[in-house]
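Letters A, B, ... mirror the listed sequences (proteins, then strands); counts begin at 1. Only this structure's heavy atoms are used, side chains among them; waters, hydrogens and symmetry mates stay out.
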Amino acid sequence: MSKFLIRRLSLALLIFFMGVFVSYSVIRMMPSSYVETKARELSAAPGSKPYEEWLEQLNKKYGLDTDIFTGYVRWLGGAVRLDFGDSWKYTIPVTEKFGQVIWYSFAMNLLTLFVQFAIGIPLGILAARKQYSKTDYAVTVFALACISLPTFFMAMIFKYFISIKLGWLPLYGLHSSTYGTLSTFGKIADIAYHMILPVLTLTLLSIGGIMRYTRTNMLEVLNSDYIRTARAKGLPEKRVINKHAFRNTLIPLVTLMSTLLPSMFGGAMITETMYQIPGIGYISYQAIIAGDIPFSMFYLSFLLILTLISLILADIMYAVVDPRVRIN
Amino acid sequence: MLLLTRVSGLTSGGENMENNNVENNMLNFEKDKNPQQTDTLSDERRVKVMSPSMLVFKRFIRNKLAVIGFIILAFMFLFSFVGPFFSPYKSRDRFYTFEEMAKEYAEFKVIGPQDWKYLVRSDEYLAAAMQATAKLSSKEPSFVYEDSNGKKQTGYLTYIGDRVAILSSQYELARYVDGEVTASDSGTVLSEELVALIIQKSQELAAAKEKEGTLEFEGVTYKLVKQFNPEDRLQTIYSVSTDSDIGILHRLSFHSITDDKSLEALFKDYEFVKQALIGFANGGNAEFNMGTDRFRISALDSNGYADVLRNNQMIAKITNYNLGPKVSAFLSFEYKEAARQACEQVKSGKGTFTFPDADGNEVEYEVELKDFYYTITRIEQTYMLARYKAPFTENQLNGKPSINPFGTEESGFDVLTRLMYGGRISLMVGFVVVFIEIIIGVIIGGVAGYFSGWVDVIIMRFIELFNCIPFYPLLMIIVAGLDAARVGNSVRIMLLMAVLGILSWPGIARIVRGQILSLREQDFMVAAEATGLPVGRRIFRHLIPNVVPLLIVSATMSLGSIIITEATLSFLGLGVKYPAASWGSIINQANDFVVMSQYWWVWIPAGILILLTVLGFNFVGDGLRDAFDPKMKR
């Protein structure tokens with residue numbers, strides 16, 4: 001086990017360094033819109049230096065005058081000491097901004113996780129049990145429709161019909177204007193009220209995948225020999241499904257759950273942007289658009305680490321829930 | 001036989017398939033045994049032997065969802081690629097519309113007893129005229145006013161009728177300065193005798209050190225008053241003044257008959273106005289000369305108006321009302337009369353009248369009584385860009401009325417036409433990207449799967465690396481970089497396709513590798529190796545064709561997700577840029593809250609097309625997977 005872990009971890013470390021290098025190279029190879037914009041702004045001031053001089057000075061100041069490899073080593077040197085520099089856009093240390101916003105994303109995604117499993121798994125099982133029935137077709141079409149709907153369009157449809165036409169839920173944001181005057185409980189309720197639509201959107205986005213995944217696995221389990229045995233023994237169908245089939249369906253679902261880790265912390269970029277939830281996704285999107293290299297690099301490496309951890313976790317979880325699997 | 005092997009390799013264990021194959025083989029076998037025997041109608045051997053691809057096709061069309069998906073896709077392709085040929089509009093056609101706008105056109109007012117207007121001989125008498133208007137209602141013959149130098153002066157008002165009054169006062173005719181006489185008003189010509197008299201009198205007064213004196217010439221009394229020049233006190237200055245008219249006050253208005261701008265200057269000319277109005281006030285039928293022109297004021301008509309004729313040609317009407325345009329337009333007298341009659345009928349609120357315009361079309365005007373005057377508004381048809389016009393409104397294209405079934409958007413483009421051209425880009429991006437990712441994926445996955453060992457390990461680590469790098473953030477960084485590089489739109493689309501293809505091949509590579517790993521252990525590959533076929537032939541002729549079914553399935557599925565990705569980028573303004581259309585960039589306009597809430601037709605149809613297309617690809621992909629592999633029932 002420990003040998004396996006060490007091997008996986010060292011491999012993950014290698015992939016991390018390479019992945020970050022690739023990301024850094026891509027970012028550096030792109031024309032830096034941030035520095036250019038800033039230089040143009042500064043040179044436009046009366047009596048200022050010409051644009052080229054500003055550009056040179058800013059490039060030096062922001063550490064863009066080095067070649068890519070030196071820049072990467074310099075960035076990595078800071079990163080291993082958890083010093084990711086100051087965000088250019090937000091003008092505070094990257095980690096500080098991250099600490100401010102990550103919990104919104106986490107809360108939203110945790111909520112989504114519960115909702116989507118609570119809805120998706122039962123529906124998937126239902127569809128598998130009644131294969132080729134009307135229910136099955138309905139579930140399949142619903143799942144495929146959820147997968148086929150672009151996030152932004154789904155969010156807009158909700159905003160248009162639920163927020164604008166019906167006026168039930170707020171259009172965007174995380175707080176009402178009266179947020180400051182509310183009690184602690186009221187504040188939580190206010191945030192929850194604002195999170196209904198984002199959570200609904202996120203749920204519908206991933207529920208299709210979960211339903212299909214559950215259905216496929218359930219079908220496979222239902223076709224296996226031990227289910228036939230259980231039925232042959234004369235067990236009631238309820239017991240066959242709930243005790244024998246369902247538990248075995250959970251095995252692949254556990255691995256699916258661990259792959260959800262990146263999305264839980266990584267934030268849902270488009271959804272947060274659509275509803276202007278100041279989570280890590282929205283904040284990072286704005287940083288990326290502004291060409292804020294320190295924040296973009298931090299976000300990319302953060303997601304990279306999460307993905308790597310989730311992959312290792314999936315392997316371990318698989319072995320934990322299924323004793324037949326041997327790690328090595 | 002080769003085809004059969006391929007399919008049975010994939011579908012081992014499939015019940016339907018197995019039965020069919022067995023049946024087919026048996027039939028073939030029997031046929032071979034008795035080749036000369038003829039078939040009867042009920043013979044079992046007449047049952048058609050189906051090829052594996054036919055079987056796949058049959059299974060595909062038995063799946064309702066797959067067929068629906070296929071129909072959707074067929075529709076989308078026809079819509080996007082063939083639709084534009086049948087569309088009456090081109091992608092860059094801008095639509096215009098006539099918008100009805102009420103524009104304030106003119107103002108009407110009957111000149112009331114208080115509304116005295118004045119015209120003065122020169123600007124220095126403005127103060128006198130203004131103060132005179134205040135005295136007019138009391139009909140006092142004279143009043144005291146302060147002139148522009150702050151000196152008290154006496155003004156006299158002579159009424160001619162109740163609409164015209166002449167204001168007269170001491171009027172400085174000329175100045176004597178050290179032996180020279182100059183007229184105060186450059187327009188006045190002083191007779192030589194008068195000048196001589198002034199010089200003589202001034203010198204007399206100066207010798208006698210008198211401050212004031214009078215002189216008479218041709219029955220007019222002139223008054224001489226000593227003045228001082230503060231800069232040169234040694235100068236001897238006498239101001240020569242006389243009682244004369246300095247302004248005219250009236251409650252009348254000139255309306256020119258023709259659109260002749262020079263007339264406006266004439267109606268402000270003091271001499272002309274004075275003569276004309278005196279003539280009018282005396283009941284008309286007056287004549288006078290000005291310069292070389294001979295003017296005539298006709299007798300008053302039944303309305304109390306008089307014509308003004310210049311050299312026997314009518315140039316204007318004198319009336320008792322004001323009617324001036326609020327826009328730069330010439331109002332004919334006929335129009336003014338029509339407007340007057342309409343206004344006089346309106347005692348309160350609103351009324352309307354029509355009057356033909358220059359082209360003879362009847363134009364409707366609205367008359368409204370404001371506090372003291374009437375405003376005349378014209379319901380004008382303004383020709384303007386048809387922005388955000390709702391579906392099925394009639395707009396104008398190149399002067400012809402045309403219907404936009406899906407409305408128009410921000411710049412007056414037809415939404416339906418944009419959806420067609422947008423579909424081209426969206427579908428094309430999808431296909432090109434899938435093509436790129438399949439080429440890269442098949443080559444890399446094939447190499448990894450076939451060679452296995454350390455090649456496989458390295459490639460798999462590489463794929464893992466690619467898989468771990470966050471897709472969307474990296475994509476956004478690259479595409480935002482394209483913004484800073486300011487590349488053109490078509491280059492941008494191509495770069496976008498390349499980037500998407502390069503970033504999304506690992507999925508395909510994985511599938512190909514997995515499939516090849518399992519296939520290469522099978523007997524037909526051992527046979528191929530034993531025959532001594534070269535590696536390239538073995539990979540591309542024997543392995544890859546067996547991967548094709550799975551490849552088709554995953555390509556179909558990833559087409560959907562690529563269309564979504566492109567739409568998302570374009571929606572965020574990072575992909576295809578306006579005015580080039582893709583379904584995503586059409587929805588981009590709805591980032592504006594007003595567009596989202598008010599003009600649903602701009603963004604909802606594009607979203608539905610994306611949804612349907614992706615759904616179609618997913619249905620077809622699902623159906624194909626089932627058809628290729630009947631064991632895995634969806």
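- Legend: salt bridge (charged side-chain N to carboxylate O under 4.0 Å, His left out) pairs involving residues 461-475 of chain B, not counting sequence neighbours, sorted by first then second residue: B:Arg461-B:Glu464.
- A:Thr307 and B:Cys468 make their closest contact through OG1-O, 3.9 Å (heavy atoms, listed as atom of the first residue, atom of the second, distance).
- Note: A:Tyr285 OH to B:Met476 CE = 6.0 Å, rounded to the nearest 0.5 Å.
- Using cut-offs of 30° and 60° on the angle between ring planes, the pair B:Phe571 and A:Phe152 is parallel.
- Here B:Ile469 contributes atom CD1 and A:Ser23 contributes atom OG; the two are 4.5 Å apart, rounded to the nearest 0.5 Å.
- Minimum interatomic distance between B:Ala480 and A:Ile288 (heavy atoms only, all atoms of both residues): CB-O, 4.3 Å.
- Contact annotation for A:Ile270: only side-chain heavy atoms (C-beta onward) come within less than 4.5 Å of a heavy atom of chain B.
- Contact annotation for residues 557-566 of chain B against chain A (heavy-atom separation below 4.5 Å, listed by residue number): B:Met557, B:Ile564.
- Remark: A:Tyr213 pairs with no residue by the side chain to side chain donor-acceptor pair (under 3.5 Å) rule, at least two apart or across chains.
- The CG atom of B:Asn591 lies 7.0 Å from the CE atom of A:Met156; values are rounded to the nearest 0.5 Å.
- Using a 4.5 Å cut-off between heavy atoms, A:Leu311 touches chain B through its side chain atoms alone.
- For B:Arg510, there are no side chain to side chain donor-acceptor pair (under 3.5 Å) partners at least two apart in sequence or on another chain.
- With a threshold of 4.5 angstrom between heavy atoms, B:Ala590 approaches chain A through its backbone and through its side chain.
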